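A quick write-up on the structure given underneath.
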Amino acid sequence: MLENQNLLRRCEWVVPPNLGWLIYSLDDKEIDYLWKSIENKKDNVNDVLAGNISKSFELEDTNDWFFNHTLQPLIDVYANEFKNVGKTVPTLYNHPYTLKMWWVNYQKQHDFNPSHDHGGVYSFVIWLKIPIEFDDQNRGHASNSPLRSAFQIHYQNILGEHGTFNYELGKKYEGTMLFFPSRLLHEVFPFYDCDEDRISISGNIFIDETR
């Protein structure tokens with residue numbers, strides 16, 4: 001035991017910098033704005049999305065309120081905590097970011113979204129209504145990897161080994177946003193035995209080369 005303690009005193013842990021993601025709790029003003037945006041949703045966009053989701057509709061960010069109030073500050077937080085991912089985009093001049101597209105998803109039981117990434121520099125997902133609980137969904141179903149109703153992020157470690165990080169979705173995640181680099185692989189697992197929709201919002205942030 002003493003030999004181990006002496007060895008530990010002479011060790012130093014080195015963890016190289018890496019990218020991650022942000023988890024953000026929206027306030028009431030932001031949530032109210034999102035629900036109003038959903039009330040005024042635009043065209044169906046299922047044909048341009050990767051998922052097997054029943055219905056997805058484009059949203060409009062009136063006067064860029066959500067971008068300016070929420071997304072741009074999160075871009076700054078991400079740059080300070082990790083790095084400005086947009087700096088790797090080969091552009092001749094510095095350009096601002098813009099919310100190019102965002103949409104609301106109505107996920108019904110059995111719907112799923114396979115492993116995929118997004119376009120742009122940053123992306124986000126927001127859960128507004130989760131009608132089921134992860135524990136209830138997975139109770140009584142023998143599995144070493146319970147994933148009913150899960151949101152899963154895929155990544156590789158320093159050895160190139162594949163890893164996953166799971167969000168076990170239930171009502172505690174209502175009003176929660178994940179903010180991440182658009183190329184980060186992620187997927188949405190189905191839920192069962194519930195006729196209500198799970199309602200979420202997703203979006204992509206691009207570099208605006210027109211400005």
Side-chain angles (χ1 to χ4, degrees), residues 18-24 34 37-38 41-59 61 66-67 70-71 74-75 78 82-86 88-89 97-132 134 137-138 143 145-157 160-170 173-174 176-192 194 197-208:
N18 198 2
L19 297 181
W21 59 89
L22 304 176
I23 182 167
Y24 173 73
L34 295 178
S37 298
I38 290 173
K41 58 185 179 291
K42 304 301 180 181
D43 296 334
N44 186 292
V45 289
N46 284 77
D47 58 336
V48 299
L49 300 176
N52 294 269
I53 304 296
S54 292
K55 294 180 181 179
S56 297
F57 297 93
E58 187 173 5
L59 300 177
D61 187 16
F66 193 68
F67 179 81
T70 304
L71 296 177
L74 287 176
I75 292 171
Y78 193 95
F82 299 108
K83 76 171 187 178
N84 182 353
V85 181
T88 62
V89 177
Y97 287 105
T98 182
L99 175 59
K100 184 176 180 180
M101 180 181 177
W102 65 326
W103 61 95
V104 56
N105 301 299
Y106 295 88
Q107 181 183 356
K108 295 185 179 297
Q109 61 174 327
H110 308 295
D111 288 353
F112 66 96
N113 208 335
S115 179
H116 66 286
D117 60 8
H118 287 211
V121 178
Y122 297 104
S123 297
F124 58 89
V125 59
I126 301 167
W127 295 289
L128 288 178
K129 178 184 177 184
I130 304 176
I132 40 77
F134 179 86
Q137 286 284 302
N138 290 276
S143 173
S145 301
L147 289 170
R148 289 171 170 237
S149 183
F151 181 93
Q152 186 174 78
I153 292 174
H154 297 256
Y155 63 91
Q156 290 183 326
N157 66 17
E161 297 169 334
H162 180 259
T164 58
F165 190 100
N166 298 327
Y167 283 94
E168 300 178 348
L169 296 184
Y173 283 109
E174 291 182 344
T176 298
M177 173 198 287
L178 297 186
F179 184 93
F180 50 89
S182 295
R183 294 179 62 188
L184 184 65
L185 288 173
H186 55 284
E187 67 180 299
V188 180
F189 285 85
F191 61 88
Y192 304 91
C194 178
D197 293 343
R198 184 163 74 188
I199 301 176
S200 63
I201 289 176
S202 297
N204 298 325
I205 298 168
F206 285 73
I207 289 177
D208 186 357

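This structure is a prediction, so every number in the text was calculated from the model and none was measured.
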Contact check, side chains of I205 and V121, non-hydrogen atoms, under 4.5 Å: no
Reported CZ-to-OH distance for the pair F57 and Y106, which is rounded to 0.5 angstrom: 6.5 Å
Check against side chain to side chain contact (heavy atoms under 4.5 Å, CB included), I130 and F191: CA-CA 10 Å; I130 304 176; F191 61 88; over 6 Å; no
Inter-residue atom distance E187.CD - L147.CG, 0.5 Å rounding: 8.0 Å
Rounded distance [0.5 Å steps], OH in Y167 versus OG1 in T176: 9.5 Å
More than 12 heavy atoms from other groups under 6.0 Å of NZ on K55: no
Separation between CD of Q107 and CG of L169, rounded to the nearest 0.5 Å: 9.0 Å
Side chain N204, main chain M101, donor-acceptor under 3.5 Å: no
Stepwise side chain to side chain contact (heavy atoms under 4.5 Å, CB included) check, D111 with V188: CA-CA 9 Å; D111 288 353; V188 180; over 6 Å; no
Partners passing ring pair (Phe, Tyr, Trp, His ring centres under 6.0 Å) against H116 (at least two apart in sequence or in another chain): H118, H186
Main-chain N/O of S149 paired to Y192 side chain as donor or acceptor, under 3.5 Å: no
Close side-chain approach of P131 to R198, heavy-atom, < 4.5 Å: yes
F67 backbone acceptor or donor facing D61 side chain under 3.5 Å: yes
Least distance between heavy atoms, W102 atom then F66 atom: CZ3-CD2, 3.9 Å
Gap separating the CD atom of Q137 from the CD atom of E168, nearest 0.5 angstrom: 12.5 Å
Short side-chain to backbone donor-acceptor contact, Y122 and L74, under 3.5 Å: no
N46 side-chain N/O to S56 backbone N/O, donor-acceptor pair under 3.5 Å: yes
Point-to-point distance, once rounded to the nearest 0.5 Å, from OH of Y155 to CZ of F165: 8.0 Å
Trace of the side chain to side chain contact (heavy atoms under 4.5 Å, CB included) decision for Y24 with I126: CA-CA 9 Å; Y24 173 73; I126 301 167; over 6 Å; no
D43 backbone acceptor or donor facing E58 side chain under 3.5 Å: no
Taking every non-hydrogen atom, the tightest pair across V85 and Y97: C-OH, 4.4 Å
Side chain proximity check, L184 to L19, heavy atoms < 4.5 angstrom: no
